[in-house]
Every structure is written in C-alpha cells, then in structure tokens.
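A quick note: this is a predicted structure, and the numbers were derived from the prediction, not measured. Naming convention: chains lettered A, B, ... in sequence-line order (proteins, then strands); numbering from 1 in each chain.
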Protein chains: 2
Amino acid sequence: MDEVDTAILNAVQSNPRITLAGLAALTKATLSTCHRRLRRLEDAGYIAGYRAIIDPERVGLTFHALVFVALAPGPVDRFEEFEQAASLLPEVIEVLRLSGRPEYVLRVMTSDSAGFNILYDFQLSDLPRVASLRSELILGVPVPARAIAIPSP
Amino acid sequence: MDEVDTAILNAVQSNPRITLAGLAALTKATLSTCHRRLRRLEDAGYIAGYRAIIDPERVGLTFHALVFVALAPGPVDRFEEFEQAASLLPEVIEVLRLSGRPEYVLRVMTSDSAGFNILYDFQLSDLPRVASLRSELILGVPVPARAIAIPSP
DNA sequence: GCTGAAAGACGGACGTC
DNA sequence: GACGTCCGTCTTTCAGC
C-alpha cells in the first residue's frame, strides 16, 4: 500500500471503468504497474467488487425505509438464522448489525406504501426470532453512499 | 423498459464489467441492441453510475456507526445548510433524511473509536442547526448493499 | 436492426534491474 | 521480487446495408 495503490483505489471507486492507460496517467506510474497493482488490490480483497448504481425511483421503487429489529433472547450464534432469512427477501437491500437493542437495522425498498405494509406485517414480522419491529420512513438520500477516503498509511 | 432492459439492469448491477457479448448472450438479444440499450439506460438515468466497492476494514476503517441527528426548529429550506455541511466531512459516508425526529441519519466511518469521538464531539456537534445527536455502533454488515430487484412493468 | 472492419484496451510473457 | 516493453486476443465503436 503506497501512494500508487491509494491513488488507484480512489480513482477506481468513483470510476471503475477507467482504463489502465487512464490510471497510468493519473498515478504517473506505468501502465503495466497499474495493471498489476489493480489485480493485486482485487486479489487481496481491497476491492470487494464492482457495482452499477441503479436509481431506485427511476425503476419504480419509491418507498424507502429503515426497519429496526429487536430479537428474542437466545444463543447469539442463532442470529445467523435471522440474517439469512432476512437476506432472502428481495425488498431487503441491506442488513446492519447494531451493538445494542434493537440488534438489526434493515434497509428496505418497495414500490409503494401498500407493498411496504405487506412486507412489514407479514414477511418481516415472521422472520425467525423477531421480538419487535419499528420503522422509519426515509424521505430522501441527500448524500448517496459515496467514495470513502483511503487513510494514508 | 422491456425484458431486455430489465435483464441488462439486473446483470449490470452486480457485474458492471460484463462485456456486451456477455449481455447479448444473457438477454438473447443481439450485441448492438445491448450496446444501444445500455447507453439509453445510462442516458435516461436508470444507471446512476458505477462504483468499485472498497472493503473499509481492509483499508483501516474499522469503526462504523450510525449517528441520528435532530435539528433545531427553523425554516425547512435551511435544512440544506446542514446537509451540505455534513457532506463535506469525509467520514460521513451517507446521509439519509428521515420523516420524523430525528430528521437525519448519518453513516460514518473512522479508523478507530478515538477518531469517532473527535468526529462526534467536534465536527458533528458543530454542524449547523444541530439540536441533539445519538449514535449507534454498527458491529457488522451481514448483507452488504446489494442489487435491487427491478420491478417488472 | 444487423454485419463487418478498424481502433483500442486488456492480459500474459518475456527480458532487465 | 518489482518494473517496463512487446504482442496476441478480445472488446468496443462506427461505418454501411
């Protein structure tokens, strides 16, 4: 991890389709160096993958919410049951594990509030070990998930 | 938006580096059709952009939290002041606007808890119009932000 | 909407330090 | 072990049909 690596990570984050020649120009390293560095960063797990960002509203997913989930007491390793069941619901975009209670936040998206109500009342309430649910409507995302600043050393 | 478009969106989400030939094979459409459809989806805003996903832990960002922010009363249009100031902090990865109180959730990442404390006590507390803060430590992300299912019609 | 040809990018192999 | 150059292959792009 030197300056070339961090420069590559910073560049690739917001523009994964940049060419190796473009990276070479940015980093002032040679093309083949960028080639191998990028491969190394991928193989070493620095780059977890690539994504295209779809505009949810544009495809009809206008209802966006956070659902806080408190679980019933039990062996911690069985939390995985809940996690796996939650991940099978296509409306569940992301699952965060929190430190306290509620134990989880789900980020969910549906076409409309009717779709959300069905999801909430049936699918989410029926997830294994769920004790209680609370939801927060997301009105907007002023700052969409963005590139992270790579710490220097 | 027909089946070819949705197939392209679904494919591209999880693998933006797929070749046009690959898309053609998946969609059973011809290569040049995929080419123009993809361009159209980009230009029409269905595809908001492309990102490389960096593993935050791998680059030393091990502290991950949600910060709930309640704002002081005032004209709603001045919420933008807060949003813009928050977006200038590199540790703030994402900003969500909620429907009630607290009005915002910030997703933040720092190298360690010391870094978070400084961020919380000084930068976040000093954001314009902030009335109160509450934070939730994120222990993990069992289901990382994933591909959304494109609704049919 | 399809096909073909030219330009360009990628990925590997080799030689050098 | 890391870097730099070269070359074959695949991909993209743009023309004409």
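Picking from dG1(C), dG12(C), dG4(D) the nucleotide with the shortest atom distance to the side chain of Thr33(B) gives dG1(C). Here dC2(C) is the nucleotide among dT12(D), dC2(C), dG12(C) with the atom lying nearest to any side-chain atom of Thr30(B).
Counted within 6.0 Å of CD on Glu81(B), heavy atoms from surrounding residues, nucleotides or ligands total more than 12; the atom is thus considered enclosed.
In this structure, the CG atom of Leu31(A) is 14 Å from the P atom of dG12(C), given to the nearest Å. With rounding to whole Å, Leu20(A) atom CG is found 9 Å from dA9(C) atom P. The CG-C1' distance, from Asp2(A) to dA2(D), rounds to 11 Å in whole Å. The separation between Glu42(A) atom CD and dC10(C) atom P is 11 Å, rounded to whole Å. When rounded to the nearest whole Å, the span between CZ of Arg39(B) and P of dT12(D) equals 11 Å.
Toward the 5' end of DNA chain D, the nearer of the two residues Arg36(A) and Arg17(A), judged by each one's closest nucleotide, is Arg36(A). In this structure, His35(A) and Ser32(B) both approach DNA chain C, and ranking their closest nucleotides by distance from the 5' end singles out Ser32(B).
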Hey, mind stepping through Arg37(B) and Asp2(B) against side-chain contact (heavy atoms from CB on, under 4.5 Å) and telling me if it holds? CA-CA 10 Å; Arg37(B) 294 297 188 98; Asp2(B) 59 3; 2.9 Å; yes
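A salt bridge does not link Arg40(B) to Glu42(B): none of the charged side-chain nitrogens sits closer than 4.0 Å to a carboxylate oxygen.
Across all strands shown, Arg37(B) has no heavy atoms under 4.0 Å from either base or sugar-phosphate atoms.
The CZ atom of Arg58(A) lies 9.0 Å from the CE atom of Met1(B); values are rounded to the nearest 0.5 Å.
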